[in-house]
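The next block holds one structure in the form of C-alpha cells; read it before the comments.
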Amino acid sequence: MKITPERKQLYGMYHWLMDAYGPQGWWPILSHQGKNPTMTGDFKGYHPGDYSYPQSSTHQFEIALGAILTQNTAWRNVEKALLQLQSARSLSAKKIKQLDINTLKQLIRPAGYYNQKAQYIKNYCDFFSSLKGSVPTRALLLSCKGIGNETADSILLYAYSQPEFVIDTYTKRIFFALGLCKQDESYMTLKTLCEQNLDKDVQLYQEYHALLVEHAKRYYSKKPYGVDDPLPVHCKKKLL
DNA sequence: AACCAGGACGTGA
DNA sequence: TCACGTCATGGT
C-alpha cells in the first residue's frame with residue numbers, strides 16, 4: 001500500500017473518530033441474542049464491539065431488508081417497520097414472499113416510500129432465495145431493481161462481510177469539508193479513494209462508515225454543514 | 001411548520 | 001453522463 005497524503009488523512013480521521021465515539025456495533029440486528037429492547041439503534045448499533053454478526057442467513061436477510069428500508073429514511077422509522085414485520089411473523093424471505101403486496105405495504109409503511117419499497121423487497125426476496133446461501137456479486141446486486149450503489153455495498157459489507165467501502169451523503173459532506181473531494185463527487189470516485197488508500201479490512205470498513213454516520217449526525221445534519229466540527233483541526237490536509 | 005432522514009429510479013437534455 | 005423531479009412517514 002502506497003503511503004499517500006490521503007491515506008494518512010483517512011487513517012487520522014478514523015482514529016480520531018474511534019477515540020471519540022468507540023465501536024458502533026453496526027449493522028443493528030433486531031433478532032440478535034440478548035437484545036436490549038430499550039436500545040433504539042438510532043445512534044448506536046445493538047451490539048458494539050461484537051463482530052460475530054451476522055450469525056445466520058436470517059441475519060443476512062434482515063440486514064439487506066434494513067438496507068432497503070433505510071434508503072433516505074431515519075433508522076427509527078425502519079425499526080418500526082422491522083418490528084411490525086416481526087410481529088406479523090414475517091421477518092424472512094420465505095414469509096414475505098407469501099405476503100400479499102398490499103399487506104406488505106402496510107407493514108412497512110412507517111419506513112416511508114412504502115409503495116416502491118414493498119416492490120423492491122419482493123424483488124429482493126426472490127433474489128435472496130435464488131442465491132441459496134452463496135455470496136452475491138456487486139454487479140448482480142445492482143441488477144436488482146431498488147438496489148443502488150450504497151445499498152449494494154451495505155449489503156455486501158454488513159451482511160456478507162465483503163470489503164466494500166460504503167459511501168453515503170454524510171460521507172460526501174464530511175469529505176468535502178475536509179478537502180478530500182469536490183462538492184457532489186461521484187459515488188464510485190469516493191469509494192475508490194477510500195479503497196485505494198485503506199487496508200482491505202472488513203472490520204475497518206464496517207466501523208469507518210458507521211463512525212462517519214455517527215459524526216455526521218452531530219455536525220453535518222443541518223446547514224451550514226460542519227459548524228463546530230472538531231475533526232478538521234486534527235485531520236484537515238494542510239494547505240500551502 | 002419547514003426541514004430532514006444511513007437513496008434509487010425514470011426522464012430529458 | 002448528469003441534473004432534476006418523484007416517492008412518504010415521522011421526528012425536531
Side-chain angles (χ1 to χ4, degrees), chain A residues 17 21 23-30 39-48 53 62-85 101-102 104-124 127 138-159 164-176 181-192 194 205-227:
Chain A
L17 291 167
Y21 308 124
Q24 295 300 297
W26 274 35
W27 191 279
I29 294 172
L30 207 61
M39 189 172 273
T40 67
D42 200 359
F43 282 87
K44 288 275 188 181
Y46 305 132
H47 33 80
Y53 294 90
E62 188 188 317
I63 290 169
L65 197 54
I68 293 170
L69 288 172
T70 200
Q71 288 168 1
N72 202 34
T73 300
W75 182 258
R76 54 177 176 273
N77 292 347
V78 175
E79 198 168 52
K80 290 181 198 219
L82 291 175
L83 284 169
Q84 292 202 142
L85 282 167
I101 185 77
N102 290 309
L104 177 58
K105 286 180 183 178
Q106 292 315 309
L107 288 172
I108 67 167
R109 183 174 174 147
Y113 306 112
Y114 56 86
N115 289 304
Q116 29 182 340
K117 281 180 182 175
Q119 190 54 57
Y120 294 167
I121 288 167
K122 280 283 192 182
N123 295 346
Y124 189 77
F127 176 79
R138 190 171 194 276
L140 207 53
L141 277 168
L142 288 175
S143 71
C144 208
K145 189 182 295 181
I147 310 241
N149 279 315
E150 184 185 342
T151 307
D153 285 334
S154 293
I155 291 172
L156 288 169
L157 179 61
Y158 293 106
E164 301 284 350
F165 202 94
V166 178
I167 304 296
D168 68 343
T169 56
Y170 285 152
T171 308
K172 292 184 182 181
R173 288 176 194 171
I174 294 175
F175 280 24
F176 173 66
C181 70
K182 64 179 185 183
Q183 254 184 339
D184 304 314
E185 187 57 272
S186 76
Y187 186 96
M188 291 309 294
T189 299
L190 282 176
K191 176 179 170 67
T192 303
C194 292
Y205 285 13
Q206 289 181 342
E207 289 293 351
Y208 210 148
H209 174 63
L211 286 165
L212 286 170
V213 172
E214 170 64 18
H215 185 69
K217 279 178 172 171
R218 302 183 183 216
Y219 299 103
Y220 291 84
S221 285
K222 50 181 182 289
K223 294 179 182 177
Y225 300 133
V227 177

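In this text the structure is predicted, and so the values were computed from the model without any measurement. Residue numbers start from 1 in every chain, and the chains themselves are labelled A, B, ... in the order their sequence lines are given, proteins ahead of strands.
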When you compare B:dC4 with C:dG5, how far apart are their P atoms, in angstrom units rounded to a whole number?
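Taking atom P in both B:dC4 and C:dG5, they lie 16 Å apart.
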Does [X] put a side-chain nitrogen or oxygen below 4.0 Å from OP1 or OP2 of [N]?
X: A:Lys145; N: B:dG10; value: yes
X: A:Thr151; N: B:dA8; value: yes
X: A:Tyr170; N: B:dA5; value: yes

Whole-Å distance separating the [atom1] atom of [X] from the [atom2] atom of [N]:
X: A:Lys222; N: B:dA1; atom1: NZ; atom2: P; answer: 21 Å
X: A:Gln71; N: B:dC4; atom1: CD; atom2: C1'; answer: 17 Å
X: A:Asp168; N: B:dA5; atom1: CG; atom2: P; answer: 10 Å
X: A:Tyr225; N: B:dC3; atom1: OH; atom2: P; answer: 12 Å
X: A:Lys223; N: B:dA2; atom1: NZ; atom2: P; answer: 17 Å
X: A:Leu69; N: B:dA8; atom1: CG; atom2: C1'; answer: 14 Å
X: A:Asn123; N: B:dA8; atom1: CG; atom2: P; answer: 14 Å
X: A:Ile121; N: B:dG7; atom1: CD1; atom2: P; answer: 16 Å

So what does [X] hit on the nucleic acid, given a heavy-atom distance under 4.0 Å: a base, only sugar-phosphate, or nothing?
X: A:Ser221; value: sugar-phosphate
X: A:Ile147; value: sugar-phosphate
X: A:Thr169; value: sugar-phosphate

Apply the test side-chain contact (heavy atoms from CB on, under 4.5 Å) to residues A:Leu82 and A:Trp75: give CA-CA distance (whole Å), side-chain angles for both, the deciding distance (0.1 Å), then the verdict.
CA-CA 10 Å; A:Leu82 291 175; A:Trp75 182 258; 4.1 Å; yes
Considering heavy-atom distances to DNA chain B, does A:Leu142 or A:Tyr220 have its closest nucleotide positioned more toward the 5' end?
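Here A:Tyr220 is the residue nearer the 5' end.
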I'd like to know if the side chain of [X] and the backbone of [Y] have a donor-acceptor N/O pair within less than 3.5 Å.
X: A:Lys105; Y: A:Tyr114; value: no
X: A:Thr171; Y: A:Thr169; value: no
X: A:Glu62; Y: A:Leu30; value: yes

Readout for nucleotides 6-12 of chain C: B = base within 4.0 Å of protein heavy atom, S = sugar-phosphate only, - = neither; 5' to 3' it is -BBBSS-
Ring pair (Phe, Tyr, Trp, His ring centres under 6.0 Å), that's the test. Do A:Tyr205 and A:Tyr208 meet it? Break it down for me.
CA-CA 5 Å; A:Tyr205 285 13; A:Tyr208 210 148; 8.6 Å; no
Between CZ on residue A:Phe127 and CG on residue A:Leu141, distance to nearest 0.5 Å
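One finds 4.5 Å between CZ of A:Phe127 and CG of A:Leu141.
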Exercise: do A:Gln119 and A:Asn123 side chains pair donor with acceptor under 3.5 Å
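A pair is found: one side chain offers a donor N or O, the other an acceptor, under 3.5 Å apart.
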